[in-house]
Amino acid sequence: MNFYFSFLVVFSLLAICVPFILLFGFTGALARRSRIAPFRWFGLAYTSMVRGIPDIIFFLFVPIALDQGIEYLRHHAKCPEWTEPIRQGNDFVVCAAAKMPLGPSPQWVHETYGFFLAALAFAIVFGAFAANTLHGALAAVPKNQLETGAAFGMSQKQIFWRIHLPQMWVYALPGLSNLWMILIKATPLLFLLGVEDIVYWARELGGSKTERFAYPHGDWRLGYFLVLLVFYLLLSWVSEHVFARLNLKMSKGLATIGGQA
Amino acid sequence: MKLIKLLGGVALAAAFTTSAMADGHAVRLGTEGAYAPYNFINDAGEVDGFEREVGDELCKRAELDCTWVTNEWDSIIPNLVSGNYDAIIAGMSITAERDEVIDFTQEYFPPDPSTYVAAAGATMDAIKGSVAAQTATIQASYVSDSGATLVEFSTPDEVVAAVKNGEVDAALADDAFWQDIVKASNGELVFIGEPIAIGGGIGMGIRESDTELKEKLNAAIDSIKADGTLSAMIAKWFDGRMVKY
Amino acid sequence: MTCAQTISDYGLRAIGLGERALPRADITLCEQVVLIGSGLIWNVYFAVIALGLGFFLASSIAFARNSSNPFVWRPAAFFIFVIRGSPLFIQFFLLYEAFVLLPKLGFDINLGFVEVTIETRWLTRAWLGATIVLFLNTTAYTAQIFYGALRSVPKGEIEAGKAIGMTKSQINKRIIWPTMLRLSWASYTNEAIFLLHATALVFFSSFPAWRQQGDALYFASYFADKTFNPFVPYPIIAGYFIVLTLIVIFIFGWFNRRLNRHISKNH
């Protein structure tokens with residue numbers, strides 16, 4: 001049962017991440033184009049960091065930093081009268097009201113919170129990839145299209161929303177579809193973040209079971225992993241086809257190498 | 001290192017029994033869920049085993065509102081100190097090295113010797129060859145100091161698999177953990193060498209700053225020791241092993 | 001203990017030289033930097049071997065994929081699809097489980113002057129098993145990149161080759177292959193960086209660490225375990241990877257300039 005449920009965990013991760021990735025991606029891409037230098041530097045730093053550092057190292061690091069960061073902020077907001085230090089030797093101690101989630105909350109809240117942190121870590125890392133793609137796509141929109149808008153007397157804002165943004169998608173799609181494929185293949189890393197996803201259950205259920213269990217069996221992990229392999233192959237195959245069709249639809253009315261409309 | 005709130009396929013059973021707690025203080029028990037018969041995930045996906053029973057009984061007597069979470073072994077202490085759960089109950093031996101970082105309750109299981117297991121027909125030389133042990137266990141440091149080649153795996157399952165398929169010459173783990181496995185192997189695996197006493201008894205790990213919880217649990221352990229409940233549980237889960245408290 | 005002392009004790013610890021016992025208490029920043037750096041030797045080893053061998057196999061698979069013979073292009077396409085369609089993480093698990101099931105054999109290979117015994121159990125060790133997984137992985141991705149480039153080699157260049165009387169293999173070697181490399185070099189640089197980063201996954205790949213000789217992440221997580229403070233070792237390893245990435249970009253950039261040296265700079 002848990003094994004089947006864990007497939008849903010993978011899909012919900014994808015569903016939750018995608019809007020955040022696009023949001024972070026846009027923020028990053030716009031920051032890089034900003035006229036204000038500190039914003040531009042921030043955008044550049046954000047988009048370059050994923051090129052330099054393996055995503056797995058982010059995943060090991062970001063959730064705990066987020067967790068302690070959130071609790072640290074809440075601690076200062078909610079318990080200003082607290083005088084003891086937060087770091088007591090090895091312990092990270094915040095007042096009970098600052099705990100995220102609150103200590104007595106039911107198990108599913110804890111699970112959801114942990115899952116949310118993992119999703120946020122994914123979104124931050126892949127948002128940086130998306131920012132690279134979107135930045136490139138924004139730059140790829142032909143200048144004369146924007147100038148045409150200006151000639152019609154459109155304001156900067158109108159040009160951005162009515163021409164620049166809609167036109168950008170055509171150029172962003174190949175990059176974004178590639179990113180989606182990478183994202184799918186990064187989902188087993190959820191396991192390393194402590195989320196009980198399909199890899200966790202494949203290892204748990206596939207491991208040998210002694211007489212203590214209701215259904216003793218030997219080491220079945222190879223079989224379980226083959227199932228996962230097939231699952232991921234199907235997922236990529238379906239995605240590839242969907243993107244191919246989407247790409248065809250998007251480039252309609254646009255003369256590209258891909259074909260005249 | 002999986003330093004994040006961890007999700008157990010976890011039962012809420014205990015949560016409903018004592019919800020009338022005055023301060024509403026919930027206690028989260030962290031375990032590994034991969035070390036039968038101490039703790040394992042049963043076919044229903046819930047934490048089960050000797051420690052599940054002990055933990056639930058302790059929570060009842062100490063009037064705590066307990067929930068169970070599972071966590072990978074190699075990050076089980078870091079996640080305790082960063083507050084993701086409040087107590088470790090995972091077959092953890094009380095050692096001086098760990099005691100520097102966290103506190104322990106009194107033991108609820110007597111010191112258990114560690115034993116070497118090898119494939120049938122192995123000679124005594126096996127324990128000087130390549131020896132598997134779980135990462136960050138007392139057995140791992142013992143093997144490393146013994147001069148044998150330490151091969152580290154992150155789960156007990158992989159340790160068993162490695163000695164079974166001959167990837168290593170021998171493996172070292174708690175005696176009680178091996179009993180089931182050696183019996184189920186139909187003579188494929190055998191004990192070799194003398195049992196070695198490493199580590200103290202097994203206790204629950206608590207944050208050093210959390211003295212109140214430690215007191216409560218110590219009192220509860222006293223109580224289950226005094227009326228024979230603990231001895232009965234040990235006998236039930238460890239093939240009639242007799243322990244007098 | 002001074003830092004120079006630490007470097008001589010632990011600088012090559014990851015390949016088994018120097019002090020045997022790892023630091024257990026009072027861990028200094030220097031020890032963390034040195035040991036994580038020594039683990040990095042393995043990451044570089046994985047990346048160099050996998051990329052080096054993968055490059056050549058990928059070239060042939062790209063040509064095979066482009067073949068018109070279905071017995072040639074179908075297997076090539078299938079290989080590319082399976083590897084590119086599944087997560088590296090799963091590939092690690094699967095191949096490790098499969099390698100473990102192989103019979104433990106030893107093959108004697110006579111190299112003329114010296115006899116070498118090849119053992120199948122080496123496959124379950126990270127230095128060989130994980131390298132094979134990474135090698136297959138990068139081969140498939142690179143083959144796809146090369147194949148894409150192969151399809152966009154301008155027809156005119158091939159016709160020009162024919163016109164001056166080049167043979168088919170000459171055209172392949174002197175025109176198609178270099179042009180393919182030139183067209184795909186930017187994407188290939190990206191793939192090299194991805195593979196470098198993927199070496200960090202070896203630590204989680206169920207290939208066990210022998211004699212505590214692990215890769216950079218093995219030592220980083222060792223220290224995070226011992227010091228209970230992830231905020232030191234992980235930034236250290238991140239810093240190391242940034243430096244490695246810059247080195248890769250530099251080397252590939254130099255090669256790119258060589259590939260394009262005949263193209264006029266105005267373009």
Side-chain angles (χ1 to χ4, degrees), chain A residues 10 48-65 68 87 89-92 125 129 132 178 181-192 197-199 202-203 206 219-240 257, chain C residues 43 78 81-101 137 141 152 187 189-190 193-204 206 216-217 220-221 224 227-249:
Chain A
V10 173
S48 347
M49 74 178 189
V50 289
R51 253 177 97 80
I53 305 171
D55 48 0
I56 181 66
I57 289 171
F58 278 105
F59 294 151
L60 290 175
F61 185 72
V62 171
I64 180 131
Q68 294 200 350
R87 285 218 166 266
N90 295 305
D91 297 6
F92 178 82
V125 172
F129 281 110
N132 270 328
N178 192 25
M181 304 303 261
I182 297 174
L183 181 65
I184 290 177
K185 282 172 279 179
T187 51
L189 300 182
L190 265 185
F191 162 70
L192 302 178
D197 72 334
I198 45 184
V199 178
R203 272 162 64 120
D219 196 333
W220 286 357
R221 277 179 296 186
L222 193 59
Y224 273 96
F225 281 122
L226 277 174
V227 171
L228 294 196
L229 183 79
V230 171
F231 166 71
Y232 277 107
L233 286 180
L234 275 176
L235 201 57
S236 332
W237 187 78
V238 170
S239 312
E240 246 171 43
I257 303 168
Chain C
N43 295 80
F78 182 75
F81 169 70
V82 169
I83 303 265
R84 288 183 78 238
S86 61
L88 175 62
F89 200 46
I90 305 278
Q91 290 162 16
F92 269 126
F93 275 123
L94 259 180
L95 273 157
Y96 177 73
E97 296 290 332
F99 286 153
V100 160
L101 294 179
N137 190 273
Y141 280 90
S152 30
S187 317
T189 309
N190 269 334
I193 294 172
F194 264 111
L195 185 87
L196 176 68
H197 291 181
T199 60
L201 264 183
V202 172
F203 172 65
F204 295 104
S206 62
L217 204 50
S221 83
T227 60
F228 303 99
N229 184 2
F231 296 100
V232 177
Y234 291 130
I236 292 176
I237 194 174
Y240 273 125
F241 268 104
I242 291 177
V243 172
L244 280 185
T245 308
L246 290 176
I247 294 175
V248 169
I249 292 176

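Contacts between C/Leu217 and chain A at a heavy-atom distance below 4.5 Å involve the side chain alone, from C-beta outward. Interface remark: C/Leu244 contributes no atoms to any contact with chain A (heavy atom separation under 4.5 Å). Of the two parts of A/Val62, neither the backbone nor the side chain holds a non-hydrogen atom closer than 4.5 Å to a non-hydrogen atom of chain C. Heavy atoms of A/Ile56 lying under 4.5 Å from chain C belong exclusively to its side chain. At a 4.5 Å heavy-atom cutoff, C/Phe92 makes no contact with chain A through either its backbone or its side chain. Only the side chain of C/Ile90 comes within contact range of chain A, with at least one heavy atom under 4.5 Å from a heavy atom of that chain. Contact of A/Ile182 with chain C is made through the side chain alone, with heavy-atom distances under 4.5 Å. Heavy atoms closer than 4.5 Å to chain C are found in both the backbone and the side chain of A/Leu233. Both the backbone and the side chain of A/Ala65 have a heavy atom closer than 4.5 Å to some heavy atom of chain C. For C/Tyr96, no part lies near chain A; criterion is any non-hydrogen pair under 4.5 Å. For C/Val243, no part sits under 4.5 Å from any heavy atom of chain A, backbone or side chain.
Taking 4.5 Å as the limit, some side-chain heavy atom of A/Leu228 sits within range of a side-chain heavy atom of A/Phe225. Residues A/Val227 and A/Phe231 form no side-chain contact, since every pair of their non-hydrogen atoms from C-beta on lies 4.5 Å or further apart. With a 4.5 Å cut-off on side-chain heavy atoms, C/Phe241 and C/Thr199 count as touching. Side-chain contact between C/Leu201 and A/Leu189 is present, with heavy atoms from C-beta onward closer than 4.5 Å.
Contact detail for C/Pro233 and C/Ala220: the closest heavy-atom pair is CB-O, 3.5 Å. In terms of heavy atoms, C/His197 sits closest to A/Arg51 at CE1-O, 3.0 Å.
No side-chain N or O of C/Asn137 forms a donor-acceptor pair with one of C/Arg84 less than 3.5 Å apart.
A/Lys185 places no side-chain N or O within donor-acceptor distance of the main-chain N or O of A/Tyr232, the cut-off being under 3.5 Å.
Each of C/Leu94, C/Leu88, C/Thr245 has some count of heavy-atom pairs under 4.5 Å with chain A, and the biggest count is that of C/Leu94.
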